[in-house]
Each structure stands twice: as structure tokens, then as C-alpha cells.
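See below for the structure under consideration.
Treat the numbers as computed from the prediction; the structure is a model and nothing was measured.
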Amino acid sequence: MRVKWVGVVLTSLLIACTPGSQPADRGGTTGEQRLFQTRFGDADPVEWRRRPPSSYAVHGIDISRWQGDIDWRRARQSGVSFAFMKATEGGDVFDPKFRTHWRAAKRAGVPRGAYHYYYFCRSAAEQARWFIRNVPKDRSALPHVLDMEWTPTSKTCRHRPSPNKVRSEARIFLNMLERHYGKRPIVYTTPDFYKDTGIGRLRGTEFWLRSVAAHPSEVYPGQSWRFWQYTGTGRIPGIAGNVDINVFRGTPAAWQRWSQQR
């Protein structure tokens with residue numbers, strides 16, 4: 001296994017952008033400069049053809065029970081600026097490490113949100129109620145996440161509904177969580193699911209896109225996005241083994257506005 005460790009100093013230009021606007025990917029604007037440093041590695045590094053993840057200032061992780069115990073203060077000191085953690089799956093699965101991660105991340109000062117792994121063998125309403133039952137209201141939390149992807153390896157549910165059905169179920173789930181928590185959830189998705197379902201057509205929704213071999217502009221041409229999951233083999237001090245790493249699309253100032261106003 002090859003592990004590439006990098007200490008990246010990221011110089012970001014803080015540009016004015018209205019809340020909810022899509023930040024530009026190119027530089028060239030004037031403004032205050034700040035330095036942000038991350039100490040991340042990757043067990044399977046990629047040579048990026050377009051803008052690399054290291055050029056974005058704000059990085060974070062998504063985790064579940066499989067990461068085990070996390071030294072959240074060490075992870076934060078290494079450059080983790082946010083975390084999304086698995087809470088629920090389908091209509092009856094609860095991640096046994098969720099409460100521990102949820103409380104520990106907050107104590108360490110890491111902004112966090114929760115995500116639900118969706119299955120198409122339960123109704124959207126049932127799954128939304130299951131999430132709401134298990135994830136407490138917290139005004140300081142980031143928007144929660146609906147994780148929608150195909151489940152071809154599942155032993156219990158490999159159903160693939162029509163694109164119209166997929167988008168309809170997503171809207172039901174998103175609306176129920178927005179009413180309960182007061183924040184519109186983000187949708188996480190993968191290249192094949194995106195292509196098959198047209199999930200990107202959902203209006204008024206921010207997207208978190210998986211793309212571990214190319215920039216999202218290559219894999220999801222024309223699609224706006226807020227978060228980019230760029231590796232599943234990240235290495236971060238304070239976390240044992242591999243972990244997913246993501247970037248926020250925007251400057252540190254944009255991150256502060258987005259995270260505080262959501």
C-alpha cells in the first residue's frame with residue numbers, strides 16, 4: 001500500500017458572495033488572504049487533471065461506525081473543518097457510533113451534520129421518521145444529508161425505481177426533514193446514480209458529489225455542487241485507517257457564512 005502524506009498550505013482569496021450562491025472555482029479576485037494548513041495523506045493518491053482538492057481551503061470528513069473511535073481534537077488540529085456522520089439507514093438501522101461521534105465532535109469544536117443512507121424498499125416518509133427519531137435537533141448542526149445511491153450489494157434491497165419515483169421520494173424525505181429541523185438537507189450522490197435518475201434536477205437543493213478520480217466538472221458537467229468527496233482512502237491523524245475526505249466549494253469566508261446561516 002502506498003501512502004502519500006502531504007502538508008498543504010492553501011492560500012485562499014476571500015471573495016464576497018451572497019449566502020446560498022455558488023462560489024466560483026477560479027481565482028483572480030482581490031481580498032483578504034489567509035493560510036489554511038491540512039496534514040492529510042492518501043493510501044491511493046490520484047494525479048488530478050483539473051483543479052486538485054488541495055487548492056480548496058476547507059476540508060472535512062464523512063464517517064460511520066467503521067472509523068471506530070476518533071481523536072476529534074487531533075483531527076481538527078490536522079485540518080478537519082467539518083464532519084458528516086452516519087446516523088440511520090433504511091427504516092430500522094441506527095449507526096451504533098453515531099451518538100458518540102455526534103457529542104465528541106461538538107466538544108472538539110468540529111461542525112457536524114448527520115446523514116441517512118437511503119433504501120428503496122421503504123417509503124420516504126418512513127425513513128424520514130426514522131431519521132428524525134434518532135437525530136436530535138441542534139441549531140448549531142450543519143444541514144443534514146440524504147445519501148442516495150444504488151445498493152447492488154445489499155442482501156435485502158436492490159430495488160431500482162424509475163427516475164421520476166426516485167426524485168419524488170427524495171422530495172418527500174427532504175421536505176419532512178426541512179420542516180422538522182428548519183434547514184434544507186443536502187443530497188449526496190454518485191456518478192452512476194446521478195446519470196440514471198436525474199437527481200440533479202431537484203430544485204432548491206444543494207449537492208454533495210462523489211468523484212474520486214476526476215474533478216466534479218468532468219464527471220457531472222454543468223452541475224452545481226456544495227461539497228466534493230474526492231477520496232475514500234484518506235489518512236488523517238486521529239483516525240485509524242482510511243476515511244472519506246471532502247472539500248467545501250468556497251473560501252473560508254464563504255464557509256463561515258454558509259455554516260453559520262444554515
Side-chain angles (χ1 to χ4, degrees), residues 1-10 25 36-87 89 95-98 100-101 104-105 108 110-117 142 145 147-154 186-195 207-220 225-249:
M1 177 188 295
R2 58 193 180 123
V3 179
K4 181 179 180 182
W5 286 93
V6 292
V8 182
V9 179
L10 303 169
D25 269 348
F36 284 74
Q37 187 170 13
T38 61
R39 294 187 293 277
F40 299 161
D42 201 317
D44 189 18
V46 171
E47 296 297 329
W48 303 97
R49 293 186 299 272
R50 295 189 183 177
R51 181 175 178 178
S54 59
S55 69
Y56 292 87
V58 183
H59 293 239
I61 57 175
D62 60 277
I63 51 105
S64 69
R65 62 188 290 184
W66 304 112
Q67 274 66 51
D69 293 328
I70 293 175
D71 185 336
W72 286 97
R73 293 191 183 280
R74 189 178 178 198
R76 183 187 180 194
Q77 291 168 357
S78 298
V80 172
S81 296
F82 62 86
F84 290 108
M85 49 197 67
K86 184 177 181 179
E89 179 177 323
D95 190 299
K97 295 292 289 185
F98 173 71
T100 299
H101 290 320
V110 177
R112 79 280 192 255
Y115 75 84
H116 173 80
Y117 190 86
L142 299 175
V145 177
D147 178 347
M148 277 193 149
E149 52 190 290
W150 296 131
T151 55
T153 61
S154 172
I186 301 161
V187 170
Y188 167 93
T189 197
T190 59
D192 58 338
F193 190 89
Y194 176 89
K195 182 178 179 181
F207 286 89
W208 171 14
L209 304 178
R210 176 175 174 83
S211 184
V212 298
H215 190 274
S217 61
E218 298 178 71
V219 181
Y220 306 85
W225 55 274
R226 184 61 65 183
F227 294 93
W228 166 24
Q229 184 186 76
Y230 64 86
T231 184
T233 54
R235 295 297 182 88
I236 294 177
I239 303 175
N242 292 341
V243 65
D244 296 335
I245 310 180
N246 311 268
V247 298
F248 170 80
R249 188 180 186 183

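- Side-chain contact between M148 and Y188: absent, with no pair of heavy atoms (C-beta onward) separated by less than 4.5 Å.
- Partners of H101 under the side-chain hydrogen bond (donor to acceptor under 3.5 Å, both in side chains) rule, at least two apart in sequence or in another chain, do not exist in this structure.
- Nearest approach of W225 to P216, heavy atoms of both residues: NE1-CB, 3.7 Å.
- Here the CH2 atom belonging to W72 is positioned 4.0 Å from the CD1 atom belonging to I61, to the nearest 0.5 angstrom.
- Residues E149 and D147 come closest through the heavy atom pair OE2-OD1, 2.6 Å.
- Evaluation of the ring pair (Phe, Tyr, Trp, His ring centres under 6.0 Å) rule for W48 yields W228 as partners, not counting sequence neighbours.
- Between A83 and L142, the shortest heavy-atom distance links the atoms O-CD1, 4.4 Å.
- In this structure, the side chain of R39 engages the main chain of Q77 through a donor-acceptor pair within 3.5 Å.
- Between atom OG1 of residue T151 and atom CZ of residue F193 there is a gap of 9.5 Å, rounded to the nearest 0.5 Å.
- Residue T231 holds its OG1 atom at 12.0 Å from NE2 of H59, rounded to the nearest 0.5 Å.
- Listed here is the closest heavy atom pair of N242 and G232: CB-O, 3.7 Å.
- What you find for V80 and G60 is that their closest heavy atoms are CG1-CA, 4.4 Å.
- Judged as a side-chain hydrogen bond (donor to acceptor under 3.5 Å, both in side chains), and not counting sequence neighbours, the contacts of Y194 are Q223.
- Rounded to the nearest 0.5 Å, atoms CG (D42) and CD1 (I245) are 6.5 Å apart.
- Shown here are the salt bridge (charged side-chain N to carboxylate O under 4.0 Å, His left out) partners of E89, two or more places apart in sequence or in another chain: K86.
- Atoms CG and CZ, on D62 and R210 in that order, are 9.0 Å from each other to the nearest 0.5 Å.
- D244 contributes atom CG, which lies 14.0 Å from atom CH2 of W66 (distance to the nearest 0.5 angstrom).
- Side chains of R74 and I239 form no contact here, defined as non-hydrogen atoms less than 4.5 Å apart.
- A donor-acceptor contact shorter than 3.5 Å links the side chain of R76 to the backbone of A108.
- The salt bridge (charged side-chain N to carboxylate O under 4.0 Å, His left out) search around R112 returns D138, not counting sequence neighbours.
- Residues T189 and Y220 come closest through the heavy atom pair O-OH, 3.7 Å.
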- Is there a side chain to side chain contact (heavy atoms under 4.5 Å, CB included) between V219 and L209 once you walk through the steps? CA-CA 9 Å; V219 181; L209 304 178; over 6 Å; no
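- Residues passing the ring pair (Phe, Tyr, Trp, His ring centres under 6.0 Å) test with F84, sequence neighbours excluded: F82, W208, F227.
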